[in-house]
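Below is one structure, written out as structure tokens, with a few remarks after it.
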Amino acid sequence: MMGDDGALAILLYDGAYARAHYAFVLAAGALAIGRPVIVFAAGRGVHALARDWSGLHDAGDDALVRARGVAGMDTLRDAAIELDAKFMACEAALKLCDLPADRLLPCVQVAGVPTFLEAARGRQIITL
């Protein structure tokens, strides 16, 4: 069941650049049409919310994406931030990836699964 406002929750559990990039494509696209978005990064996906997202597998693919005229990770993340996406990083995943919370984007809330599920209540959930 989706909320009346078309709200979206994106669960990014994979640490591959392609999945993280597409999560931000979806987030920016939804936000651009007025759909509220939460991005919850879990597993190795937490690297997508780090200030330096080079910990994503195949992060170097971003140069090819940009060379082909497609928005890269920095552009998409900046757009999602500017359009007021809510970002959460799984506390357990940060520990498993040995990624300190102070290396995340300043707008990221460190949270557990119950906090994400409560925030996602009534939203359409997409898992990548």
Do [X] and [Y] sit in the same hydrophobic cluster, where Ile, Leu, Val, Met, Phe, Trp and Tyr count as joined when their side-chain heavy atoms come under 4.5 Å apart?
X	Y	answer
Leu49	Leu99	yes
Ile38	Ile125	no
Phe40	Met73	no
Phe116	Val108	no
Val110	Val113	no

Atom pairs and distances, donor-acceptor, side-chain atoms in residues 8-21, under 3.5 Å, two or more places apart:
unit_1, atom_1, unit_2, atom_2, d
Asp14, OD1, Ala16, N, 2.6
Tyr17, OH, Asp62, OD1, 2.6
His21, NE2, Ala71, O, 2.7

Can you give me the closest heavy-atom contact between [X] and [Y], atom names plus distance?
X	Y	result
Ala30	Val37	CB-CG2, 3.7 Å
Phe87	Cys107	CD1-SG, 3.6 Å
Met88	Ala119	CE-CB, 3.7 Å
Ala41	Val46	O-CG1, 3.4 Å

Within-4.5 Å side-chain heavy-atom neighbours: [X] and [Y]:
X	Y	result
Val39	Leu26	no
His47	His57	no
Gln109	Thr115	yes

Gap between atom CG of Leu105 and atom CG of Asp52 - 0.5 Å precision: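 Atom-to-atom, Asp52:CG and Leu105:CG are 10.5 Å apart.
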
Rounded distance [0.5 Å steps], CG in Leu56 versus CG in Asp61: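 Output value for this atom pair is 10.5 Å.
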
Indicate every side-chain donor-acceptor pair of residues 76-86 with a distance under 3.5 Å to a residue at least two apart or in another chain.
unit_1, atom_1, unit_2, atom_2, d
Arg77, NH1, Ala48, O, 2.7
Arg77, NH1, Ala50, O, 2.7
Arg77, NH2, Ala50, O, 3.3
Arg77, NH2, Arg51, O, 3.3

Side chain to side chain contact (heavy atoms under 4.5 Å, CB included) assessment of Asp74 paired with Trp53: CA-CA 9 Å; Asp74 290 328; Trp53 48 267; 2.8 Å; yes

